[in-house]
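So the structure is just underneath, and the comments pick up after that.
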Amino acid sequence: MLSRPKPGESEVDLLRFQSQFLASGAAPAVQLVKNESRRGASANLDQPRLQDQRDVVMLDNLPDLPPALVPAPPKRAKPSPGRPLADHVDPEERLNRHDQHITAVLTKIIERDTSSVAVNLPVPSGVAFPPVFHRSQERQRKPATSGKRSIFAQEIAARRGSEASIPPVRGVVSTQDQPEGAVTCESLTPREQDHQLPCGSQNFQGPHLITGKGLRDQEAEQEAQTIHEENIARLQAMAPEEILQEQQRLLAQLDPSLVAFLRSRGRTHEQAEEKAIKEQRAGGPSVEVTGEEPIRPTSASEPRQEDELEPGTPALALPVAPHKEWLHMDTVELDKLHWTQDLPPLRRQQTQERMQARFSLQGELLAPDVDLPTHLGLHHHGEEAERAGYSLQELFHLTRSQVSQQRALALHVLAQIISRAQAGEFGDRLVGSVLRLLLDAGFLFLLRFSLDDRVDGVIAAAVRALRALLVAPGDEELLDSTFSWYHGAMVFPLMPTQKDKDDEDEDEEPSGEKAKRKSPEEGNQPPSDLARHDVIKGLLATNLLPRLRYVLEVTCPGPSVVLDILAVLIRLARHSLESATRVLECPRLIETIVREFLPTSWSPVGVGPTTSLHNVPCAAAMKLLRVLASLVEILLPGCFDLRSCLCRFVAEAPQELALPPEEAEMLNTESFRLWAVAASYGQGCDLYRELYPVLIRALQVMPKELSTHLSQPLSMQRIAALLTVLTQLTLAASSTALQPSSDSAEAGLSATPSLITWTQVSGLQPLVEPCLRQTLKLLPRPEMWRALGPVPTACLLFLDAYYQTWSQQPDLCPGDWLQDMERLSEELLLPLLSQPTLGSLWDSLGRCSPLCNPQSCAPVPEALPSLVSLGCTGGCPPFSLAGSASPFPVLTSLLTLFNTLARIHKGLSGCCIGCPWTPELLPPMCGSMAAPLLTPFSVWALRHEYHLQYLALSLAQRAATFQPVPATNAALHHGMALALLSRLLPGSEHLAHELLLSFVFRLEFLPERASGGPEAADFSDQLSLGSSRDPGCGRGALLAQACQDLPSIRSCYLTHCSLARASLLASQALYRGELQRVPALLLPLPEEPLLPTDWPFLPLIHLYHRASDTPSGLPPADTVGTAVRALQWVLVLESWRPQALWAVPPGARLARLMCVFLVDSELFRETPIQRLVAALLARLCQPEVLPNLNLDCPLPGLASFPDLYANFLEHFEAVSFGDHLFGALVLLPLQRRFSVTFRLALFGEHVGALRALGLPLTQLPVSLECYTGPPEDNLALLQLYFRALVTGALRPHWCPVLYAVTVAHVNSFIFSQDPKSSDEVKAARRSMLQKTWLLADEGLRQHLLHYKLPNPTLPEGFELYPQLPTLRQQYLQRLTLGMTQNGVSET
């Protein structure tokens, strides 16, 4: 057996193997056959063969199909180099044998003529070697062929192209896209075939594909024209269908690359023609085009033009054509180069359709049709490329960029947008709130993630955006400018209320249990859920404070970042006591701030920008400590070494500190404010002894500073802060003995002895009083008076604290301070009262009052419930409560001083009579009884206005003890006190207690008692009721008795309107100046006023709730006395102060009266209760009050009036025993204009109560027409009416009122002939009339058929027809006749 060749064997071995194989004579493994063997040997040899005869190798057992390759490699047919053609074979003849069809086109091959081709010799060069070609060189050339070429070949081709002289092409320029009749290598769809023009209707001007290039000059045009004419003749002889068939056949036979080449040639020719046409139109006369331009259809499979072109020949109108030589331009994706094109024209908005908001890099909102140049960088976005600016979505996308500069830029733009949105620049140009949209999109956590970035620029931009989001620019300026006002250091927490959360909770749990249940859940909530209700609480849950500490301590950022972080920390501290505690307890945060930004020694800093704030004192850091101290009591001796900081920055004057002047003023001011806050707790008094010379020197130079630095607001703020410190230190010198108490609430307010004595502060008054005199001299000059700022207010408050403390010294002679008070009044205060400018200040209160101008307290457009701010961006207007022209701070402090003087020196109370600030001169502020809307700014502003009102009322009360107040003024004072009592906010518990104790229930402020008020009430009742009553039981007698029982009424309301003990003690300590008992300067969260608007009904409500909660059902002790006192006071207010109850709807008042009957089964039977309730019910049924009685709307303080009425019916049915007053309250909601629910409840569920409703028609408190008109349209209720009448459940001697009402409605229903009624209603009407006709009770039958109209003077309550009207009689006869014909019998 023959062996196979092995590796390593030479060619000699292979030849030996061949000779052995031939010698053996074995059969070969393969066999050579001819082509005819496969085509068939019997083929006709006379016919021309379509293929060449060639040898084919056949293998045994070879499958017919080759194995599939995945993926199959591309194959191309290539001629075999090993089989050259024989010499005797003619190539032309062989080509004709292979393809008979192409012979019609290619009939003869002519050799290319190169005789006329110019031969260019190489250009001599002066260098030995050619220059090196660099890829970076820009060469604008077009590749000759497709495919990759070497750099050398490209260079040679470019050089040849530059050396060759190409003559310009001159000829006729065709204005058509393609020659008429030319066959395009495209497939036409049936729809496109309809648009193809017939070939015979086209004009051919010359060949496009065949140019004759390569032939002799004299033969080129002739041969090309001959070929063209042959093509035309051949095409004209063919039908359009044949042309299309040949076109499809050509496309199937030709190589796709050849088709692409032909198309590119056609497009290149078309582009040249179009260019020539444009040049001809621009430079010479235009050529008229006759005939219609042929439609060039496009196949779905045909690639787009821009996809077919080479990178060197861009199809797009790009400003720079890409080349393969450029880096990463080997494969050009034209879709990604669309952005380099010129912007499309800006679309003008033709409709009012909303468009996406776009902003500039400065955060400005750009108009949709604004056209800005592209060099501003506002067009780098994909959507709406023609519009300038970036949308919020695009900015959000940019914040996630991998390029740090882009992230920082996006955060900067978003910060600018937020700042402008809070400033109200966008107005109503945007739909919705920008801040709400950003927070809903997760902007808060985007900022938190950006703070963890490693790039300092991104961190700085994130901190800036966080400050823009959290810190309202005007809030801090407002709180700083009002720090020296009366109780100006006390602020409300800037946190959302729990009202919105409670509304979402549908659980009916008690508030205490709900708070216990919610508190652990809030700690387990994720930050996203917390931020939805409270932005700051959600931020604190993301460990924001440790990150800010790290940025300050480790990264050492620039000055702007430091100031932004301190501003954010101040805003976090103002949020709540919990947030301030977390800021204070954050590890190393406060220590870092004190060490880095409040050093006691530093290098001098000049005017101008500084590179770093580290190791340089910063006023913002001192302000942060002051805000924290006002919320959380900080012990100065042991916390963060604040004592040395205060000594360092207070001991030196601002001009002596090595800091910029403005920063030095602010630092000194904040140091004084921090000291004042500490002194409010009784701390920092030992510093007074050490810094006494510094303070005295500052007081001595104060008059000079007031005259020289009047135009510097920072200096005025510093002087006011100094006076505030002295005020608190003077109050701390009070030696009032604090009695120990076993009360837990009072024991919690620990009292520590003061470290300062009266002797140490007694010498301050002679230095402060001249400053006050100097400032009051500027009162007639408004411009200079406004420039003083809070300085006059601080001086007046210091004098108030001085005389208050002096009067509490037990070891001093009272005559001394009384004599000094008289001197001050005669020399300073009384001349001040006579100045007309003071009256003008009082007259301007109405312009600055938030009560008189509610729109000044309206929430800003971008206000969010989850992010509370005062909304003072841009500053307050001059004539507003916090404006520069506001009279509130000066007048409030002046009233405080007068109250203190009048309380200590009783003889000075008479001097206040007739003063310009008496409450009778406040009609605008007193007459506005509508409850103001509580917003973060309104609660702050209203608190200061309530101070002014209370002080004016207190001064009027002291003056009333010396001289009787006129009746009109007394009534005005009393109405103002009642309105103020229902408006006072949390933190003013002391004021509310004082109003209840000494003003609201004082007989002197009820002048109606002595001026014929009771008699006038009786006369009014007689006129309105039309009948005389017993004088001893009328409303006048009840009012007179109530005036005599005012002390008992006051005791009752002090008991039932009592405030929280701990809150009352803390408020008393603040307003009385007992600094050792002050827990904090943070006020409670103002969710609602201290007392509800219906506080006069509180005793009745408490009785009702206690009776409901008592399982035994026994009434509480002194139930009758409490109910009588409450009803007496409500009657007094209803009769003489009706405006005090305007805030309580009549429906709510009726519900409170019904509670009296629900307390127990015997209370309503008491004679005083009966008389008082009857009088109050008569007031509710007055013609001017009754139209306002609405029981179908939600009532304040009541979950559901229908439920209350159902309980009332049940109680009436059980215990009333036919009580007429009880029955009157039951009948009142049954009026026709109220909901049908009440009538259905009585006639459907409590039919038994009808027998006890024996109220006579003459005692009905309202007119009977209120029940009978309009006619009832509820079919179910009408059927219940008819059933109650027919069954005898409702009879005239049991319930005369409802009997007359039901008869009226049933009669109206059975005789109504409304054509619009439904079939069901018509059938029920017919059935009810038939049953009425068949009634056995003749009296009821007569009433139902002959009812005419209501008349309460008749015994039945209505009039009857003596005979039915004609129409009714005829209708009844038709109905009875039909009954007879149908065989209906009377049974």
Side-chain angles (χ1 to χ4, degrees), residues 1021-1027 1029 1146-1147 1150 1174 1177-1192 1205 1209 1212 1216 1218-1243 1246-1247 1249-1274 1277-1278 1280-1282 1284-1285 1289-1312 1339-1340 1342-1362:
D1021 291 345
Q1022 291 177 8
L1023 292 178
S1024 60
L1025 297 178
S1027 62
R1029 294 186 177 182
L1150 176 63
L1177 183 60
R1179 297 295 301 171
L1180 284 177
C1181 296
Q1182 290 292 320
E1184 63 272 9
V1185 181
L1186 191 61
N1188 298 325
L1189 182 62
N1190 188 4
L1191 304 179
D1192 299 334
Y1205 186 72
L1209 284 177
F1212 172 79
S1216 68
D1219 184 80
H1220 289 177
L1221 183 60
F1222 209 153
L1225 287 174
V1226 170
L1227 292 174
L1228 195 59
L1230 300 179
Q1231 299 178 50
R1232 178 65 181 88
R1233 63 189 180 95
F1234 295 138
S1235 175
V1236 73
T1237 307
F1238 308 127
R1239 300 188 289 278
L1240 287 174
L1242 177 60
F1243 284 90
H1246 301 279
V1247 185
L1250 296 175
R1251 189 165 185 174
L1253 282 172
L1255 181 69
L1257 290 168
T1258 56
Q1259 298 183 15
L1260 188 64
V1262 295
S1263 174
L1264 187 60
E1265 284 77 5
C1266 296
Y1267 297 88
T1268 59
E1272 185 64 57
D1273 55 357
N1274 188 279
L1277 181 59
L1278 289 169
L1280 291 177
Y1281 282 170
F1282 189 73
L1285 291 172
L1290 182 60
R1291 300 183 181 181
H1293 57 280
W1294 287 351
C1295 185
V1297 176
L1298 291 184
Y1299 181 82
V1301 172
T1302 54
V1303 168
H1305 287 298
V1306 172
N1307 174 269
S1308 175
F1309 176 70
I1310 61 178
F1311 284 107
S1312 64
L1340 179 59
Q1342 185 74 10
H1343 289 168
L1344 291 177
L1345 294 178
H1346 292 265
Y1347 173 85
K1348 183 178 180 181
L1349 53 87
N1351 188 354
T1353 59
L1354 298 177
E1356 298 85 1
F1358 49 85
E1359 299 179 5
L1360 297 175
Y1361 285 109

When you compare the side chain of [Y] with that of [X], does any pair of heavy atoms fall below 4.5 Å?
X: L1225; Y: F1212; value: no
X: L1298; Y: L1227; value: yes
X: V1301; Y: E1272; value: no
X: R1179; Y: V1185; value: no
X: L1191; Y: Y1205; value: no
X: L1345; Y: I1310; value: yes
X: V1297; Y: L1230; value: no
X: L1228; Y: F1234; value: no

**Asked** So, does N1351 use its side chain to make a donor-acceptor pair with the main chain of E1359 at under 3.5 Å?
**Response** no
**Prompt:** Taking the side chain from H1220 and the backbone from L1255, do they hold a donor-acceptor pair closer than 3.5 Å?
**Reply:** no
Identify the heavy atoms of [X] and [Y] that sit nearest to each other, and give their distance.
X: P1187; Y: E1184; result: CD-C, 4.1 Å
X: V1226; Y: L1209; result: CG1-CD2, 3.6 Å
X: Y1267; Y: R1232; result: O-CB, 3.9 Å
X: Q1231; Y: R1239; result: O-NH1, 2.9 Å
X: F1238; Y: P1229; result: CD1-O, 3.4 Å
X: P1296; Y: P1256; result: CG-CA, 4.3 Å

Hey, could you give me the [atom1]/[atom2] distance between [X] and [Y], rounded to the nearest 0.5 Å?
X: T1302; Y: N1307; atom1: OG1; atom2: CG; answer: 11.0 Å
X: L1177; Y: Q1182; atom1: CG; atom2: CD; answer: 10.5 Å
X: Y1281; Y: F1309; atom1: OH; atom2: CZ; answer: 13.0 Å
X: L1242; Y: C1295; atom1: CG; atom2: SG; answer: 8.0 Å
X: H1305; Y: Y1347; atom1: NE2; atom2: OH; answer: 8.5 Å
X: L1221; Y: Q1259; atom1: CG; atom2: CD; answer: 10.0 Å

**Item:** Verdict with reasoning, L1285 to V1303, per side chain to side chain contact (heavy atoms under 4.5 Å, CB included)
**Value:** CA-CA 8 Å; L1285 291 172; V1303 168; 4.3 Å; yes
**Message:** Is there a side chain to side chain contact (heavy atoms under 4.5 Å, CB included) between L1250 and Y1299? Walk through the geometry before answering.
**Reply:** CA-CA 9 Å; L1250 296 175; Y1299 181 82; over 6 Å; no
